[in-house]
Amino acid sequence: MQTETLDAPVAQTPATQPTLRELDALHGPRGIPILGNALQIESSRFHQQLEAWCVEFGPLFKLQMGKRKILVVGDHQRVALIMRDRPDGFRRTSRFEQISREMNLPPGVFGATGDTWQRQRRMVMAGFDPTHVKRYFPALQTVAKRLVGRWQKAASANALIELQPDLMRYTVDTIAGLAFGAEVNTLESDGDVIQQHLDKIFPALFTRILAPVPVWRLVRSKATRELERSIVAVNLAVTGFVAQARERMRTDPSLRENPHNLLEAMIAAADVPDSGIDDHQVAGNVLTMLLAGEDTTANTIAWMIHLLWRNPDALTRATSEVRGVVRDANHPTFEEMAKLEFIEACAHETMRLKPVAPILPLETLREVTIADVRVPTGSIVISMMRRDSVSDAHLPHAATFDPKRWLSSNADSSAPNANSAKRVSMPFGAGPRICPGRYLALLEMKMAMAVLLGNFDIETVTTPDGLEAREHLAFTMAPVGLGMKLRLRG
């Protein structure tokens with residue numbers, strides 16, 4: 001059987017070809033019989049455990065979870081090769097697929113494989129085209145204005161803003177309005193429940209994937225029953241979004257050529273003859289965008305605000321850029337967003353230091369060789385997305401928050417080069433399965449920062465203990481307990 005080698009091609013003679021190691025032969029943290037390392041895993045800080053083991057055992061080491069052996073890869077070059085070998089060589093894990101199906105989550109492009117992924121990818125990309133995103137931009141302006149209103153009330157009352165819940169509302173409202181043409185408006189209605197339901201799904205999915213024993217199958221706890229109710233509610237909302245969009249398109253057939261939102265664009269692509277896409281798969285991608293678009297973008301904005309507060313020079317420059325570019329802080333324009341180069345650099349630097357997806361578990365579809373390790377078909381390979389991006393061996397002053405390293409126009413020739421950072425930091429992935437929503441996510445981030453820094457002065461950003469924000473992993477990596485106080489500008 002032929003083994004695929006995931007390394008840059010190097011001319012080798014039989015005498016110079018390296019001897020391959022078996023996955024079993026690698027070092028790794030010592031486990032216990034039968035369960036292996038399963039009981040050592042702390043799900044909320046699993047990424048930090050893996051990073052610490054990388055220091056101890058090197059960029060390639062093994063874990064054992066029950067009978068299954070796992071290869072952990074911390075070298076960014078090999079991580080990039082793994083990501084570029086999707087969908088042919090790697091897929092989302094079969095456990096992810098099993099747990100998602102068991103939770104009654106409709107399939108979307110995030111978890112799809114093979115031909116199903118190819119079909120869904122074409123449909124989703126049809127909606128994420130930059131031309132379409134520009135057409136949806138007024139919906140983003142509307143949601144941003146609501147965020148300003150919410151924070152104006154807090155500033156007037158000198159109230160502490162719970163940063164992440166507010167940003168989650170911002171991203172849910174944005175996705176619902178911009179992507180689905182639906183008026184959710186959690187920013188102005190604390191009683192709206194869709195966000196509360198969404199917030200239960202990713203943590204439960206992550207916990208169940210890592211759980212050594214499927215307790216939820218044995219005991220139907222209160223939390224399990226609440227999760228089931230939340231999934232039913234979210235699935236009903238998603239079905240409603242699709243039905244509403246179909247009715248709009250039936251009433252106005254011109255929407256097939258000129259869709260007003262992402263969902264309409266997806267339906268138009270799905271309805272092309274022989275697309276192979278049905279409404280169940282459309283619904284799966286609606287849910288995927290709600291879940292992925294809420295957590296990832298909101299957490300990145302929260303991390304960015306925290307890092308800017310702890311780096312006053314960068315905050316001053318970011319504030320000056322916004323106030324110099326954006327003429328009406330309540331109504332930033334699409335063209336102004338494109339000019340916020342330093343804000344975008346802050347977003348990239350935030351994702352380098354605090355990637356919301358710091359680990360990427362995949363499953364091999366064929367036998368592969370990674371470095372000098374033979375990895376059998378059906379093995380789990382966990383890619384470490386942050387190990388090299390915060391290493392001085394790959395970037396100068398790697399632990400420092402320095403957005404200038406992302407500015408290719410930086411006049412300071414001694415500054416870190418943007419190309420170096422791009423090679424080691426891959427927050428949106430790489431290869432054919434690179435995140436289709438990356439352009440939209442950056443636009444949401446820049447809009448949130450534009451209305452924040454354009455309308456307010458930040459008085460303080462706090463954590464529960466006054467130190468660096470603690471990292472909490474629950475599928476995505478979030479800062480714990482960030483609070484913010486604002487003062488109305490001028």
Side-chain angles (χ1 to χ4, degrees), residues 43 92-112 116 120 123-124 164-165 168-211 214-248 261-264 266-267 270 277-298 474-476 478:
S43 62
R92 300 281 178 193
T93 67
S94 52
R95 186 166 176 82
F96 172 88
E97 184 178 334
Q98 174 195 11
I99 298 295
S100 297
R101 189 167 53 245
E102 182 182 80
M103 289 173 62
N104 199 29
L105 302 177
V109 70
F110 182 80
T116 302
Q120 293 195 22
M123 175 187 68
V124 171
Q164 281 165 282
M168 294 287 193
R169 291 175 182 275
Y170 164 72
T171 52
V172 165
D173 286 5
T174 297
I175 289 295
L178 183 149
F180 313 134
E183 190 77 10
V184 173
N185 196 6
T186 64
L187 284 166
E188 294 180 339
S189 174
D190 286 344
D192 199 300
V193 298
I194 189 171
Q195 181 203 359
Q196 298 163 20
H197 291 310
L198 289 169
D199 290 348
K200 292 183 175 69
I201 294 175
F202 259 170
L205 181 62
F206 181 67
T207 300
R208 290 184 178 190
I209 287 171
L210 287 182
V215 177
W216 64 92
R217 294 174 189 161
L218 307 173
V219 180
R220 292 191 72 255
S221 65
K222 179 182 177 183
T224 297
R225 292 193 299 272
E226 288 178 351
L227 173 65
E228 290 171 352
R229 286 194 291 269
S230 289
I231 291 171
V232 168
V234 169
N235 281 337
L236 281 173
V238 165
T239 302
F241 291 154
V242 176
Q244 291 163 19
R246 282 210 171 273
E247 179 59 23
R248 289 194 301 270
N261 55 62
L262 183 59
L263 176 54
E264 291 169 1
M266 285 199 301
I267 289 173
I277 301 293
D278 58 24
D279 274 6
H280 186 59
Q281 293 174 337
V282 172
N285 284 292
V286 170
L287 180 59
T288 294
M289 279 177 277
L290 277 172
L291 290 170
E294 179 202 28
D295 268 34
T296 54
T297 306
F475 208 94
T476 58

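The figures that follow rest on heavy atoms only: side chains count, while hydrogens, waters and symmetry mates do not.
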Checklist line | Verdict with reasoning, T174 to T171, per side chain to side chain donor-acceptor pair (under 3.5 Å) | finding: CA-CA 5 Å; T174 297; T171 52; over 6 Å; no
Over all heavy atoms of both residues, which pair between [X] and [Y] is shortest? Give the atoms and the distance, please.
{"X": "W216", "Y": "A211", "result": "CZ3-CB, 3.8 Å"}
{"X": "K200", "Y": "L227", "result": "O-CD1, 3.8 Å"}
{"X": "V219", "Y": "T224", "result": "O-OG1, 4.3 Å"}
{"X": "A283", "Y": "V242", "result": "CA-CG2, 4.2 Å"}
{"X": "F96", "Y": "L205", "result": "CE1-CD2, 3.7 Å"}

Checklist line | Residues in salt bridge (charged side-chain N to carboxylate O under 4.0 Å, His left out) contact with R208, at least two apart in sequence or another chain | finding: none
Note to self: Tell me every residue that passes side chain to side chain contact (heavy atoms under 4.5 Å, CB included) with T296, counting only those two or more places apart in sequence or in another chain.
What the structure shows: V356, T476
Next item on the list: Using a strict 4.0 Å threshold on nitrogen-to-oxygen distance, state whether R248 and E264 make a salt bridge.
Entry: yes
Which residues pass the side-chain hydrogen bond (donor to acceptor under 3.5 Å, both in side chains) test with [X], not counting sequence neighbours?
{"X": "R217", "result": "E102"}
{"X": "E294", "result": "none"}
{"X": "R95", "result": "none"}

Notebook entry, point to check: Quick one: are L198 and D295 in side-chain contact, heavy atoms under 4.5 Å?
Noted result: no
Check: Do the side chains of K222 and R225 get nearer than 4.5 Å, heavy atoms only?
Finding: yes
Margin query: According to side-chain hydrogen bond (donor to acceptor under 3.5 Å, both in side chains), does anything in residues 227-241 pair up with another residue at least two apart or in another chain? List the pairs.
Written below: H197-S230, R220-E228
Next item on the list: Quick one: sort the F475 and F202 rings into parallel, tilted or perpendicular, breaks at 30° and 60°.
Entry: parallel
Next item on the list: Mind running side chain to side chain contact (heavy atoms under 4.5 Å, CB included) on D279 and R246 for me, showing each step along the way?
Entry: CA-CA 10 Å; D279 274 6; R246 282 210 171 273; 2.9 Å; yes
